[in-house]
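Read the structure below first, then the notes.
Throughout, protein chains are lettered first and strands after them, A, B, ... in sequence-line order, and every chain is numbered starting at 1. For clarity, every value in this text was computed on a predicted model and none was experimentally measured.
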Amino acid sequence: MNPLYSTYPVHIENSLTGAKEQLVPVSEGHIGMYVCGPTVYSDVHLGNARTFTSFDFIFRYLSHLGYKVRYVRNITDAGHLENDADEGEDKIAKKARLEQLEPMEIVQRYTVDFHKVMDRLGALPPSIEPTATGHIVEQIEMTQAIIDKGWAYESNGSVYFDVDAYNRDGGDYGVLSGRKMDELQSGSRALDGQEEKRNPADFALWKKASPAHIMRWPSPWSVGFPGWHLECSAMSTKYLGEEFDIHGGGMDLKFPHHECEIAQNTATSGKKGAKYWLHANMLTLNGKRMSKSTGNTILPGELFSGNNPLLAKGFRPSVVRFFMMQAHYSSVLDFSNEALLAAEKGHDKLLAAWSKLQGLEASGSGDFDLQAWIDKCYQSLSDNFNSPILIAHLFEAIKLINQNEGSIALSASDLVVFKEKMNAFVFDILGLQMEEGGSAHSEALDKAMDLVIELRAKARENKDWGTADLIRDQLSAAGIKLKDGAEGTSYEI
RNA sequence: GGUUCCGUGGCCGAGUGGCUAGGCACUGGUCUGCAAAACCAGCUACAGCGGUUCGAGUCCGCUCGGAACCUCCA
């Protein structure tokens, strides 16, 4: 049997070319994907979570298609400098100083937090999650290699990438972001430390540590620390090779981070790293991007608990994920309480239908064209990972599920396939989850509920509406919804 | 100022020139003791102004409004 990826070839919008292209892996049947991970110096906010959720969805889909995916997502644990000056402070080091902790305690705390949040959001762990501090040697080697090519220079113990020299020799710094060198220079600010650079557009590969800088390593040039952009080049090369398939990250990393990565990769190997560059768009709050530095943020924990003035109530992680999946990864998504409430209803409707489906019997064939529906679902996903379109198709299927009580207008063999595909789309690919902590109703609860439902049915028979409504209302207050159907009453938590 | 992008019905949000995206909300109906759920039906938009085309939400130009990036940030 052909793998699914050959039946439904994937097309992706490549930021590098600005075009939608068919995904043709470097190595048939395998995908190498690198995603720029978080800098672990504070709680991951919802905007961060959106990016990683988007790429988790892409990872899940590619895996589902039958690709063997190696998904590398780094942890940046050598904080970037807060500004370009020599006195600039490393974010992690700063936090460590403020909280009187070791930098690695900061890193550990927020790495754990990040993993917890992503786990609750249903994100699978990446195949490899390398850290910047674990790859100092590789970064030093890469820096040396670029110096050897003549596209980097040492200045006062620091090493800078020489953008002019690189471009003079045929480099194309600016390909990704469409920036022109003269514009970059004119727009650049005058900063302390700039005098070390030959050109304001040059960026650091290695920085000499100031006496106050805690995180430091020896190198051929100085005791210092690697530059802002080098870790991703070094680690993606190490684990995925000089040329791999997909490189992802947030839109805000496009320039300068990814631009610099491409330059570093090209300078080292002659290759740009990834063939396809994907950028997940921002999650905005009140029309502005979420940002740690401006404080315009909502933390995932607050969203789950409802403990934030902007929220009327808490939302389950799976609802939050559904909310994100209803928008395309490449579009800006604006966060609001109302949008979450709407998503919650849709999410619950979808999962309720899935639950109902489990108990349905095939009642022969109807006019639902199952294969056509399956094709549409895959085609939407293979068309640049269009989750909103997939969800639209899923709601068509919900109508089919809810059309009848107890049975569904599909043949027995189609029903098996339909269940399998619904399962794949809803859980394996979109990554939604049934209630946290014991999804299935326990047998004991089922029996107890059967009893309660029977008692209420008796009361209703006797037209004892007071008792019947008391049962319904009390259960509802306890979070259990009764649904009276033509063929009896069912319940939902 | 430069680069990139967006502006879709009450709200969210897809739409890669040619038939109804979808969700939420709302209205009417079916069902129900009442309700909820579900189903059926209705609500049919593309910021404005020009242009290209047999035909434009979709292409081009201008205007207005908004966002991201140009400085660490997903």
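- Rounding to whole angstrom units, CD of residue A:Glu344 and P of B:rC24 are separated by 12 Å.
- Using modelled atom types, no side-chain atom of A:Asn74 and backbone atom of A:Pro130 make a donor-acceptor pair closer than 3.5 Å.
- Rounded to an integer number of Å, the gap from A:Lys483 NZ to B:rA35 P is 18 Å.
- Annotation: cation-pi pair A:Arg73/A:Tyr34 absent, no NZ/CZ under 6.0 Å from the ring centroid and within 45° of its normal.
- At a threshold of 4.0 Å, the pair A:Asp56-A:Arg321 counts as salt-bridged, since one of the basic side-chain nitrogens sits closer than that to a carboxylate oxygen.
- Across all strands, A:Ala327 comes closer than 4.0 Å only to sugar-phosphate atoms, never to a base (heavy-atom distances).
- Among the atoms of the strands shown, none is found under 4.0 Å from any heavy atom of A:Lys463.
- A donor atom on one side chain and an acceptor atom on the other are found under 3.5 Å apart for A:Gln264 and A:Ser233.
- Listed nucleotides: B:rA68, B:rC70, B:rG13. Nearest to the side chain of A:Pro388: B:rG13.
- Put simply, CZ on A:Phe323 is 15 Å from P on B:rC24, counting in whole angstrom units.
- When the P atom of B:rC72 is taken as reference, atom OH of A:Tyr110 falls 22 Å away, rounded to whole Å.
- Summarising the geometry, the separation between NE2 on A:His279 and C1' on B:rU3 is reported as 14 Å, rounded to the nearest angstrom.
- For the OP1/OP2 pair of B:rC24 and a distance below 4.0 Å, the side-chain nitrogens and oxygens of A:Lys349 include at least one atom meeting the criterion.
- When the C1' atom is used for both B:rC49 and B:rU30, the distance is 48 Å, rounded to whole Å.
- Remark: B:rG18 base-pairs with B:rC54. Criterion, Watson-Crick or G-U wobble with two distances under 3.5 Å.
- Remark: the A:Lys91 side chain and the B:rC72 base include a donor-acceptor N/O pair separated by less than 3.5 Å.
- With B:rC39, B:rG13, B:rC70 as the choices, the nucleotide that has an atom nearest any side-chain atom of A:Leu333 turns out to be B:rG13.
- Aromatic pair A:Tyr276/A:His247: ring centres not closer than 6.0 Å.
- Residue A:Asp469 places a side-chain atom within donor-acceptor reach of the base of B:rG33, judged by atom type and a 3.5 Å distance cut-off alone.
- What separates CG of A:Leu278 from C1' of B:rU4 is a distance of 16 Å, to the nearest Å.
- A 3.5 Å limit on both hydrogen-bonding distances identifies no Watson-Crick or G-U partner for B:rC43.
- Atom NE2 of A:His229 and atom P of B:rC72 are 6 Å apart (whole Å).
- Judged by atom type and distance alone, A:Arg472 reaches the base of B:rA35 through a side-chain donor-acceptor pair under 3.5 Å.
- Within a 6.0 Å radius of CD in A:Glu396, other residues, nucleotides and ligands contribute more than 12 heavy atoms.
- Across all strands, A:Gly47 comes closer than 4.0 Å to base atoms (heavy-atom distances).
- Judged by distance alone with a 3.5 Å cut-off, a donor-acceptor contact links the side chain of A:Ser291 to the base of B:rC73.
- Once the 5.5 Å centre distance and the 30° plane angle are applied, the aromatic ring of A:Phe52 is found not to be stacked with the base of B:rA74.
- Residue-level contact check: A:Ser331 touches the backbone only, with heavy atoms under 4.0 Å from sugar-phosphate atoms and none from bases.
- Pairing of B:rG1, defined by two Watson-Crick or G-U wobble distances under 3.5 Å, is identified with B:rC70.
- Surrounding NZ of A:Lys313 are more than 12 heavy atoms belonging to other residues, nucleotides or ligands, all under 6.0 Å away.
- Rounded to a whole Å, the CG atom of A:Leu432 is 16 Å from the P atom of B:rG23.
- When the side-chain nitrogen and oxygen atoms of A:Asn281 are compared with OP1 and OP2 of B:rA68, none of them lie within a distance under 4.0 Å.
- Among the heavy atoms of the strands, none lies under 4.0 Å from A:Gly174.
- Residue contacts for A:Leu283: at a heavy-atom cut-off of 4.0 Å it reaches a base atom on one of the strands shown.
- Within the nucleic acid shown, A:Asn384 has no heavy atom closer than 4.0 Å to any nucleic acid atom.
- Residue A:Ser380 places none of its side-chain N or O atoms closer than 4.0 Å to OP1 or OP2 of B:rA14.
- At B:rC40, one or more side-chain N or O atoms of A:Lys399 fall inside 4.0 Å of OP1 or OP2 (strictly under the cut-off).
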